[in-house]
Amino acid sequence: MTKERQFIEVLGRGALGPDCGDHSAGEERALPTSNVDLEPGFPEWTEIGQDSGLDPLGMQRPVEVLFQSLVPGISTITLRLRYYSFFAWVLEAFAKTEQDNDPRAFNAFHRRAEVLLALVSARDGNEVGVTGIDWASRRLSHAAEGDDQGKTIEFYVAADPDAPPEDRYLRNKGGAFGAIYSTQMYEMDLVELYDENIGLPYCTSAAVPLAKAFEEAVGSRSEEFLEVLDSGKASLFQLDNLSAFLPSRVEAGSAEQAALVDALLGRLGQPSIANVHRRETLKLVLARAEALGKRPRTDELKWEFFELADKPGGNLSDEVCEAWALYQASDLLRLAYECLLKASLVEVRGGAGGRLTIGATVSSLVEAVGVPGETTFKDFLATSGEDETIRELAEAMLSAQGAGETEEMVARAVRLAARLYRRAADFSPGVLEWLNVDEYFQSLVTEVQFYQTLLGLSAKEALGRIITERVVKRHLWVASRKLRYKAYTFLFEPDEGALRYRDDFKISPSSPRLDQAIQFLVDGGLVGESGITPRGKAELAKG
């Protein structure tokens, strides 16, 4: 076994989900510990053994690829910017104090550091986004009975990756570093994870300034932190003394804040495409914060990026802005198709005994669109929905979905798809390559190509083909692929020539990590409640 493989196995980097303990978010997946051979087209983001119907049409992956490329180094579960300097310091501290290349020793060390940080944060009572803080809060609630500041809290068992799951501060054996932050720091060129000669993660030269700045910020408390970490227990008095470690204690104008901002904006170490894309995305956010005069919201940013398209202005990246517009268009098409799937489920459930043939199901949906029989599909694509904006169509579709107005939802979904077909012609070929994933996944590109094969049909016939092949049969295909790996996700099942209703699912726009990016800009002092800060303006002007 290579040292790399040993390290991965020791960290226990399996799929995040029910085994994550207190950390509820679960978009990201770390490296699997077993050699599962996922065949082409298998929807990898669905956790093996999960029964709920995640991504029922296999359209999420292209969307994920897009936003992962636009904000690399940030995920939906990297919640506080200071973890990046904290873990850089932890790596350096382990290298200096332990002199041990055993991955198990490192795992025990960083897990103790994480749980101690959680206890310090819970003791403060005002921190959010801290891994393990639910466990720490429960532990402190027992210890805080009375006013004994010398009362001791033992945490070495909770930090032990081999302790029973119910006793751990975080059930995932990789801890916050192994399961969440390590891969993101790797994408930001801050850590090296796969050096077979060393077998342990370590700071790159780009991360050394982060580690040094963090140690400077906490001062003499760094030694006390390491002493408490080594003992595996802390008094309430000691936890109070370690408040300099709190994620919110990044001092304005400090060397640590400057290093964190440089890391966030990709200015540490050698430039890379990933760092450039993240920097250009964050500049877009800063520009909107300046224009709005308040802290931006993700749901508005997605539409603003979509409408800016390739005309962001200033020194902002045309390509990255256009790629964000492509992300939104791709996600909207996914939502339109999922609305058609939900409408199919409504029809099947309403059949006798919750059963209906595919033909009857599709015919009912096509009739709901209300297209005249003589209309060609080519004409339908050219003119459908022209009296409304894409945003108006999408919001009306989702509103109808929420209100249970199935016919209205179907009509809006189909017209939205037509508008997106027309919008796709505006994307440059280079940006469309951002959707370059396996052909097994449906995307805006694949659907435009499919629509073009139907231009000679009537609109009714073409819509029937789309719903049959790209929605109903597509779901059955995706669910059958997942079934091979013991994940039963059929929302309706084939049953003697008909479909039988089984379950419903939730439709929601994807979360493209912008919430976390905005929080990082706040943590770095670049954005506040009143919008961009003077420091943010200075960073935006740097280009």
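Only this structure's heavy atoms are used, side chains among them; waters, hydrogens and symmetry mates stay out. Sequence positions, counted from 1, serve as the residue numbers for this chain. Just so it is clear, the model here is predicted, and its values are computed rather than measured.
- For Asp523 and Gln519, the side-chain atoms include at least one donor-acceptor pair closer than 3.5 Å.
- Below 30°, between 30° and 60°, or above 60°: for His110 and Phe106 the angle between ring planes is between 30° and 60°, a tilted geometry.
- For an aromatic pair to be called close, the ring centres must be under 6.0 Å apart, and His277 with Trp434 satisfies this.
- Side-chain contact of Asn275 with Ser272: a donor-acceptor pair under 3.5 Å is present, judged by distance alone.
- Taking the six-membered ring where the residue is Trp, Phe245 and Phe214 present perpendicular rings, their angle passing 60° and hence far from 30°.
- A pairwise comparison of heavy atoms in Leu193 and Pro201 identifies CD2-CB, 3.7 Å as the closest pair.
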Working for ring-ring contact (aromatic ring centres under 6.0 Å, His included), residues Tyr327 and Phe305: CA-CA 10 Å; Tyr327 152 77; Phe305 291 171; 9.4 Å; no
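- With respect to Glu114 and Arg111, no salt bridge is recorded, no charged nitrogen being found less than 4.0 Å from a carboxylate O.
- In this model, no donor atom of one side chain and acceptor atom of the other lie less than 3.5 Å apart for Thr76 and Gln516.
- Under the side-chain contact (heavy atoms from CB on, under 4.5 Å) rule, Ser75 has a single partner from Glu187, Gln184, Gln68, which is Gln184.
- Cation-pi geometry between Lys233 and Tyr156 is not met at under 6.0 angstrom from the ring centre and within 45 degrees of the axis.
- The cationic group of Arg423 lies under 6.0 Å from the six-membered ring centre of Phe427 and within 45° of the ring axis, placing it in a cation-pi geometry.
- The aromatic rings of Tyr194 and Tyr186 sit perpendicular, their planes meeting at an angle over 60°, well past the 30° parallel limit.
- The minimum heavy-atom distance between Gln238 and Val228, with the atom names listed, is NE2-CG2, 3.8 Å.
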Between Trp89 and Phe225, is the ring-ring contact (aromatic ring centres under 6.0 Å, His included) condition met? List the steps. CA-CA 12 Å; Trp89 174 77; Phe225 187 96; 5.6 Å; yes
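- Residues Leu116 and Ala234 share a closest heavy-atom pair of CD1-CB, 4.4 Å.
- Gln60 and Ser510 form no side-chain donor-acceptor contact under 3.5 Å, judged by distance and modelled atom types alone.
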Please report the C-alpha distance between Tyr181 and Phe177 in whole Å, then the side-chain angles of each, then the deciding distance to 0.1 Å, and finally whether the ring-ring contact (aromatic ring centres under 6.0 Å, His included) criterion is met. CA-CA 5 Å; Tyr181 286 89; Phe177 180 76; 8.4 Å; no
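- Residues Leu264 and Tyr84 fail the side-chain proximity criterion, which asks for heavy atoms closer than 4.5 Å.
- No donor-acceptor contact under 3.5 angstrom links the side chains of Tyr337 and Gln442, judged on distance only.
- Contact detail for Leu284 and Val320: the closest heavy-atom pair is CD1-CG1, 4.0 Å.
- Arg412 and Glu388 are joined by a salt bridge, as a carboxylate oxygen and a charged side-chain nitrogen come within less than 4.0 angstrom of each other.
- A donor-acceptor pair shorter than 3.5 Å can be found between the side chains of Thr298 and Asp515.
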